[in-house]
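Here's the structure, in structure tokens; my notes come after.
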Amino acid sequence: MAPAIEVEQVSKHYGALRALDGVSLKIEAGEFFGLLGPNGAGKTTLINILAGLVVATGGAARVMGHEVVGEYRAARRAQ
């Protein structure tokens, strides 16, 4: 079974600002997790990428095995 959330080397740049720089994580179905960090660490940017609201500059993000960009309808239904 595919992980519930899988993020591989995701980056997001806004001009010279790097909001995310090579973030990777894997969360299996049924696991609990939290995103912790100071203001400006990229937590909201990562969640917005997973929700399909922001397109990552690089890397890949999947929800229940579905790419959040290429298979956005299936990824949103899986959420």
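Predicted model, so just to flag it, every value in this text is computed and none were measured. Numbers for residues simply follow the sequence, beginning at 1.
Between S11 and G22 the shortest heavy-atom distance is CB-N, 4.0 Å. Nearest heavy-atom pair, V10 versus A60, reported as atom, atom and distance to 0.1 Å: CG2-O, 3.3 Å. Heavy-atom minimum distance, E71 versus G65: OE2-O, 4.1 Å. Of all heavy-atom pairs between A2 and M64, the closest is CB-C, 4.2 Å. Taking every heavy atom of both residues into account, K12 and V54 meet most closely at CE-CG1, 3.7 Å.
Under a 3.5 Å cut-off, the side chain of E31 and the backbone N or O of E28 do form a donor-acceptor pair. In this structure, the side chain of K26 does not engage the main chain of A4 through any donor-acceptor pair within 3.5 Å. A donor-acceptor contact shorter than 3.5 Å links the side chain of T57 to the backbone of H13.
Of the N and O atoms on the side chains of S24 and Q9, at least one donor lies less than 3.5 Å from an acceptor on the other residue.
In this structure, the side chains of L50 and V7 come closer than 4.5 Å at one or more pairs of heavy atoms. The shortest side-chain heavy-atom distance between E6 and E8 falls under the 4.5 Å cut-off.
Rounded to the nearest 0.5 Å, atoms CZ (F33) and CG (L25) are 7.5 Å apart. Separating the CD1 atom in I49 from the CG atom in L20 is a distance of 5.0 Å, to the nearest 0.5 Å.
Of the listed residues (T45, L46, T44), just one forms a side-chain contact (heavy atoms from CB on, under 4.5 Å) with N48, and that residue is T44.
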